[in-house]
Amino acid sequence: MPELPEVETIRRTLIEKIQNQVIEEIICYHPDVLVNPDGISLDNWLIKDIRRRGKYLLFDLQKDIICNPKPAARDYCVMMVHLRMTGKLLLEEKIVEPAKHTHVRFVLSNGGSLDFNDTRRFGRVTLFPPGQEFNDCGFATLGPEPLGDDFTIDYLINTCKRYGKSSIKGVLLNQKAIAGIGNIYADESLFRAGIFPERKAGELSHAKITLLHQKVREVLTEAIGHRGTSFRDYVDGLGNKGFFQLHLAVYQKDGDPCLACGTTIEKIKVAGRSTHFCPHCQK
DNA sequence: GCCAGCCTGTTG
DNA sequence: CAACAGGCTGGC
């Protein structure tokens, strides 16, 4: 479900509320969802920081030891959360009965909890010893952050060359090429850049790639500004919806007139995903 | 590349 | 009832 702007919005809502809180206990209600191959302790972790990389959230945890001048490696860990399609992280102010699809609960020192809830159960919470999060191969092979300095026009030109036979939409969705773009923002970026989603990446002119680079950053930045897209069930860490669905041009707009030219928006399948585009504006 | 598979829920 | 859903992996 959530793409970069949604995951970033969740990160921001959570860090404000629970940085420096202690996870007193991690309770797992469904064994598949919490992955802990190193048998990391499930209690008394101080939340030092919450970072995002692509669609992953990384919680930097430190053992809550009051006077410990020489912390050992086992006093630190990284908790990686991937929400996949329907995952949510929801703060509860008090301890309540776990919801139907709450699979992992983080009991907090403020008397509440952070609940990992995921209807389709594709998402995962994985615990790693410090620095070992790269053992998750999806994480290890992530491309650059599209809003970061490494995502340059030259990088996108070279990446389009490297994945030249693949559709440009396939490149945008490929997490090894660029981290964090999903189906909504791929379609919206391609509309703004005027590129037909099935165009081979290798055929695009440098001018078009430059425009796409700009539009990818523009769409993601605007979407973060609107706190993400709540198309079906996305909510942030406080249960609030985003607003970027009010600014979508093509995603889920098939049958509607294009706001730019009036041509009917179409829906096709590209790179295995439903794809929305304007046949007049996108070539 | 594509496509099934992982899951449950919603929509047509 | 079938088709589809914001993601990703692994097997051809």
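So that the names make sense, note that chain A is the first sequence line, chain B the second, and so on, each numbered from 1. In what follows, every heavy atom counts, from backbone to side chain, and hydrogens, waters and symmetry copies are set aside.
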- From A:Val22, A:Leu127, A:Asp75, A:Ile40, residue fulfilling side chain to side chain contact (heavy atoms under 4.5 Å, CB included) relative to A:Trp45: A:Ile40

- Task: Starting at atom CZ of A:Phe116, determine the distance to atom P of B:dC7, rounded to an integer number of angstrom.
- Result: 14 Å

- Item | Donor-acceptor under 3.5 Å (A:Asn183 side chain, A:Ser274 main chain) | yes

Distances under 3.5 Å only, N/O to N/O: pair up the protein atoms with those of nucleotides 10-12 of chain C.
none

- Does A:Glu16 have any side-chain contact (heavy atoms from CB on, under 4.5 Å) partners at least two apart in sequence or in another chain, and if so, which? none

- Query: Rounded to the Å, how far apart are A:Glu198 CD and B:dG1 C1'?
  - Reply: 13 Å

- Integer-rounded Å distance: C:dG7 C1' and A:Tyr185 OH: 15 Å

- Any pair counted as side chain to side chain donor-acceptor pair (under 3.5 Å), so long as it reaches residues 239-260 of chain A, sequence neighbours left out: A:His226-A:His247

- Contact list for residues 137-150 of chain A, test side chain to side chain donor-acceptor pair (under 3.5 Å), sequence neighbours left out: A:Arg52-A:Glu145, A:Arg53-A:Glu145

- B:dC7 and C:dG10, which share atom name P, separated by this distance in whole Å: 15 Å

- Item | Qualifying residues under salt bridge (charged side-chain N to carboxylate O under 4.0 Å, His left out), relative to A:Asp236, sequence neighbours excluded | A:Arg227

- Item | Heavy atoms from other residues, nucleotides or ligands near CZ of A:Phe243 exceed 12 (cutoff 6.0 Å) | no

- Item | pair A:Val81-A:Thr126: side-chain heavy atoms closer than 4.5 Å | no

- Task: Mind listing the residues from residues 158-179 of chain A sitting with a heavy atom below 4.0 Å of DNA chain B? Number order is fine.
- Result: A:Lys165, A:Ser166

- Message: Does A:Gly272 reach a base, just sugar-phosphate, or nothing at all? Heavy atoms under 4.0 Å.
- Response: nothing

- Query: Can you tell me if A:Glu266 uses its side chain to pair, donor with acceptor, with the backbone of A:Cys278 under 3.5 Å?
  - Reply: no

- Taking atom C1' in both C:dG6 and B:dG1, compute the distance separating them and give it to the nearest angstrom. 23 Å

- Query: For B:dC3, does either OP1 or OP2 sit under 4.0 Å from a side-chain N or O belonging to A:Lys269?
  - Reply: no

- Query: How far, in whole Å, is C:dA2 from B:dG5 if one measures between their P atoms?
  - Reply: 15 Å

- Task: Using the P atom on both, measure B:dG9 against C:dC8 and round to a whole Å.
- Result: 22 Å

- Sorted by first residue and then second, give each ring pair (Phe, Tyr, Trp, His ring centres under 6.0 Å) pair with at least one member in residues 189-225 of chain A; sequence neighbours left out. A:Phe151-A:His213, A:Phe196-A:Phe277

- Can you find a heavy atom in the side chain of A:Phe59 that is under 4.5 Å from one in the side chain of A:Asp49? no

- Pick base, sugar-phosphate or nothing for A:Tyr251, based on heavy-atom distances below 4.0 Å to the nucleic acid. sugar-phosphate

- Item | Residues within residues 211-225 of chain A bordering DNA chain B, heavy-atom distance below 4.0 Å | none

- A:Asp60 with A:Arg51: basic N within carboxylate O range, under 4.0 Å: yes

- Query: Mind checking what makes ring pair (Phe, Tyr, Trp, His ring centres under 6.0 Å) contact with A:Tyr155, not counting sequence neighbours?
  - Reply: none

- Query: Does the side chain of A:Ser274 get closer than 4.0 angstrom to OP1 or OP2 of C:dA3 through an N or O atom?
  - Reply: no

- Task: Let me know the distance between CG of A:Asp233 and C1' of C:dG6, rounded to the nearest Å.
- Result: 8 Å

- Message: Please enumerate all residues that pass ring pair (Phe, Tyr, Trp, His ring centres under 6.0 Å) together with A:His30, with sequence neighbours excluded.
- Response: A:His103

- Message: Once you apply a heavy-atom cut-off of 4.0 Å, does A:Thr229 come out as touching a base, just sugar-phosphate, or nothing?
- Response: base

- Where the side chain of A:Phe122 is concerned, which of B:dC6, C:dT9, C:dG6 is the nearest nucleotide? B:dC6

- Message: In whole Å, I'd like the distance from the CZ atom of A:Arg273 to the P atom of B:dC2.
- Response: 13 Å

- Query: Between atom CZ in A:Arg84 and atom P in B:dG5, what is the gap in whole Å?
  - Reply: 17 Å

- Indicate yes or no for a side-chain donor-acceptor contact from A:Lys17 to the backbone of A:Leu91 under 3.5 Å, with no hydrogens or angles considered. no

Please enumerate all protein N or O atoms sitting under 3.5 Å from an N or O of nucleotides 8-12 of chain B, with distances to 0.1 Å.
| unit_1 | atom_1 | unit_2 | atom_2 | d |
| --- | --- | --- | --- | --- |
| B:dT8 | OP1 | A:Arg121 | NH2 | 2.8 |
| B:dG9 | OP1 | A:Lys100 | NZ | 2.8 |
| B:dG9 | OP1 | A:His101 | NE2 | 2.9 |

- Task: Using atom CG of A:Asp254 as one end and atom P of C:dA5 as the other, report the distance to the nearest whole Å.
- Result: 9 Å

- Query: Base, sugar-phosphate alone, or nothing: which one does A:Lys267 contact when heavy atoms must sit under 4.0 Å apart?
  - Reply: sugar-phosphate

- The residue, A:Ala271 or A:Arg124, whose nearest nucleotide of DNA chain B is more 5′ is A:Ala271

- Message: Would you say A:Tyr163 ends up clustered with A:Ile209 if hydrophobic residues are merged whenever their side chains have heavy atoms under 4.5 Å apart, either directly or through other cluster members?
- Response: yes

- Task: Answer yes or no: is there a side-chain heavy-atom contact under 4.5 Å between A:Val78 and A:Pro130?
- Result: no

- Output yes when at least one side-chain N/O atom of A:Thr86 is less than 4.0 Å from OP1 or OP2 of B:dC7, else no. no

- Message: Test your reading of the model: is there a side-chain donor-acceptor pair from A:Asp154 to the backbone of A:Asn158, 3.5 Å cut-off?
- Response: no

- Item | Pair assignment for DNA chain C - dot-bracket with | for other-strand partners, Watson-Crick or G-U under 3.5 Å | |||||.||||||

- Task: Would you mind reading off the distance between A:Ile10 atom CD1 and C:dG7 atom C1', rounded to a whole angstrom?
- Result: 14 Å

